[in-house]
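Below, read A as the first sequence line, B as the second, and so on, with proteins coming before strands; counting in each chain starts at 1. Keep in mind it's a predicted model, so treat the numbers as computed, not measured.
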Amino acid sequence: MTQTEAPTVDNGVNIEALRGARQALTDAPEAAQFQWRARCEWVNGTHSRSTITDFSGLGDQHSHRKAYTIEADHPEVFASEDNGVTPPEIVLGALASCLTAGVATVATNRGIQLRSVTANVQGEMDLQGILGIDADVRNGFDRIDVQFDIDADASPADIEAIVAQSQKRSAVFDIVTNPTTVQVTVA
Amino acid sequence: MHTSVVIVGAGPGGLAMSHHLTGAGVDHVVLERGEVAHSWRTERWDSLRLLTPNWMTALPGARYEGDDPDGYMTARETVKALEAYRFSFDPPLYTGIEVEAACRTSDGFEVRTTGETWHCDAVVAATGGSSEPRVPAFASGLPQAVQQLISLSYRRPAQIDDRGRVLVVGASASGVQIADELQRAGRDVTIAVGEHIRLPRSYRGCDIYRWLDRIGQLEERWNDVEDLQRARRHASVQVVGSDDGREVDLPSLQALGVQLVGRLMALSGTTALCSGGLGSLVANADLKEFRLLHRIDEWVDDHDMAALVGPAVKPDPTFLTQVPTELDLARFGTVIWATGFRPTYDWLDPRALDRRGRVDHDGGVATMQGLYVLGLPFLRRRRSNLLAGLGLDASELGQHLVEYLGAVGRVCTSTPG
């Protein structure tokens with residue numbers, strides 16, 4: 001059977017490098033141990049600024065191309081100043097970003113050209129939790145819904161499959177849906 | 001004592017290999033810790049039947065010849081069939097013998113047992129893939145009052161304490177079958193669902209395994225599959241062998257009143273924490289089922305068989321209503337772990353194993369010369385863990401083994417049987 005040249009797909013993902021990395025890390029699992037970091041400074045009131053500069057992995061320390069900052073605050077309806085997004089909103093953005101990056105990667109791996117990808121995310125939260133009004137209400141989200149709108153050279157079934165695979169291999173999907181050990185200490 | 005080949009385990013794999021070697025005139029012994037088909041006698045629940053219809057049950061030199069080819073064999077019938085198989089060629093069998101260590105030496109293997117020590121040229125590890133249950137470490141943190149058992153210790157509903165709910169952990173074939181049986185027997189069942197494979201019992205009028213056989217899926221080879229590690233970890237299909245052809249997928253369990261929760265992740269005091277990602281896994285399983293059924297439809301069209309089979313009616317997708325992410329274990333009297341198994345090779349030369357304790361092999365031929373392994377999922381073909389596939393694997397590996405013995409200059413000492 002002759003091989004036909006698959007149309008070149010360009011979603012901006014360096015799929016060859018990712019496949020190579022996966023192979024290399026299979027043989028060197030120690031190199032796969034990463035640590036992500038953020039440093040947060042209180043500004044005023046509920047306003048804080050997180051700065052992200054470096055991380056470790058592949059047996060070495062690395063720096064981002066520049067220091068990135070995230071401003072966080074509470075909105076005016078919370079009697080605050082709205083100098084930035086709320087931390088739960090950052091989590092929703094993180095989830096959407098992680099899944100979207102996954103969609104791009106999986107699509108490229110499967111030879112599918114994307115034209116546009118939009119994820120709309122909503123997180124339901126009962127404030128009686130964080131306000132300590134009702135002990136039966138959790139602090140976090142009661143549920144999160146994500147809707148993907150994808151325009152691509154693929155059947156609806158193939159697009160659904162890409163979105164399913166993205167969830168399967170998403171860091172933030174796992175972080176949000178499964179328990180994670182968090183240890184908080186004071187210097 | 002000396003022989004050419006030591007086969008460890010007298011289940012269907014070990015017997016099939018012995019059958020092949022007997023036919024090839026190769027001197028060998030089969031060492032079995034219990035009786036023939038030990039785990040089939042001692043580690044199956046009363047109502048258990050094979051997932052596959054009887055016409056698929058075949059071992060080298062023996063096919064199913066009963067009067068119920070579309071039925072599903074019980075555990076007891078499977079034991080009888082394996083006994084009959086054993087007596088059909090009278091293998092050189094030593095029962096009640098446990099292998100303590102099998103080590104590579106300069107000219108073969110030394111196999112120390114609770115009986116004799118054997119020196120041989122080749123070893124076949126036919127102990128299967130289910131020697132050790134995979135139970136999460138946090139199981140020891142469950143409240144003392146909760147009765148815990150693994151799926152292989154389950155026998156019948158009457159065995160399960162009447163107080164409180166039952167939590168079945170795991171939704172592969174064992175988990176859904178046990179949940180189905182217990183809920184029908186009047187217990188209140190919750191099932192914790194991780195990754196699973198959903199397929200209908202029958203489609204377009206034929207058993208699903210007949211389709212899988214026809215479209216060639218069961219014969220897919222280990223060296224042709226894209227992600228072999230993932231394929232080898234696949235859960236068993238959510239079907240049951242029964243007279244009523246019923247489904248035991250998640251929608252069917254929901255219809256019976258079984259509560260679905262996500263994968264059991266951790267304990268926090270007396271609260272069980274379950275994944276909030278069940279929707280994702282359910283969508284994935286439904287998608288994969290749809291894709292496979294579509295593949296069957298394409299086969300039907302390619303072979304012009306549409307008029308001969310039933311209409312292409314797809315199962316309904318799985319709908320989840322409020323799925324809690326926490327369970328109050330004070331409400332539960334029993335937890336049944338249906339979380340899968342792994343093989344153990346603590347008796348095998350550690351140089352034969354990889355860093356995770358698995359035999360380093362290619363399609364059952366170990367990297368360690370003269371060592372073979374049988375009975376693992378997708379060992380050589382997708383149906384490797386089904387009885388019929390075991391037999392095919394044993395024949396192919398048996399051939400390889402005989403050639404190996406010839407190549408290392410070992411002469412066959414017994415006449416062909």
A.B. asks: Could you grab the distance from atom OG1 of A:T180 to atom CE of B:M265, nearest 0.5 Å is fine?
C.D. replies: 8.5 Å
A.B. asks: Using a cut-off of under 4.5 Å on heavy-atom pairs, state which of B:S280, B:G262, B:C274, B:G279 scores highest against chain A.
C.D. replies: B:S280
A.B. asks: In terms of heavy-atom proximity below 4.5 Å to chain A, should B:R355 be classed as side chain, backbone, both, or neither?
C.D. replies: side chain
A.B. asks: Hey, is CD on A:E71 packed in by over 12 heavy atoms from elsewhere, all under 6.0 Å?
C.D. replies: yes
A.B. asks: Taking atom CZ as the centre, does A:R169 end up with more than 12 heavy-atom neighbours from other residues, nucleotides or ligands that are less than 6.0 angstrom away?
C.D. replies: no
A.B. asks: For B:S275 and A:N178, work out which heavy atoms get closest and say how close.
C.D. replies: OG-OD1, 2.6 Å
A.B. asks: I'd like to know whether CZ of A:R22 has more than 12 heavy-atom contacts from other residues, nucleotides or ligands below 6.0 angstrom.
C.D. replies: no
A.B. asks: Looking only at non-hydrogen atoms, find the nearest pair between A:T177 and B:G277 and report the distance.
C.D. replies: CB-N, 3.6 Å
A.B. asks: Less than 4.5 Å to any heavy atom of chain A: does that hold for the side chain of B:S268, its backbone, both, or neither?
C.D. replies: neither
A.B. asks: Look at atom CZ of B:R263 and say whether more than 12 heavy atoms of other residues, nucleotides or ligands are closer to it than 6.0 Å.
C.D. replies: no
A.B. asks: If you round to the nearest 0.5 Å, how far is CG of B:L287 from CD of A:Q165?
C.D. replies: 10.5 Å
A.B. asks: Quick check on B:R331: does its CZ atom have over 12 non-hydrogen neighbours (other residues, nucleotides or ligands) under 6.0 Å away?
C.D. replies: no
A.B. asks: In terms of heavy-atom contacts, does NE2 of A:H62 have more than 12 from other residues, nucleotides or ligands at under 6.0 Å?
C.D. replies: yes
A.B. asks: Which distance, rounded to the nearest 0.5 Å, do you find between the CZ of A:R138 and the CD of B:E326?
C.D. replies: 7.0 Å
A.B. asks: Quick one: closest heavy-atom pair of B:N284 and A:A164, and the distance?
C.D. replies: OD1-CB, 3.4 Å
A.B. asks: Does CZ in A:R39 sit with more than 12 non-hydrogen atoms of other residues, nucleotides or ligands closer than 6.0 Å?
C.D. replies: no
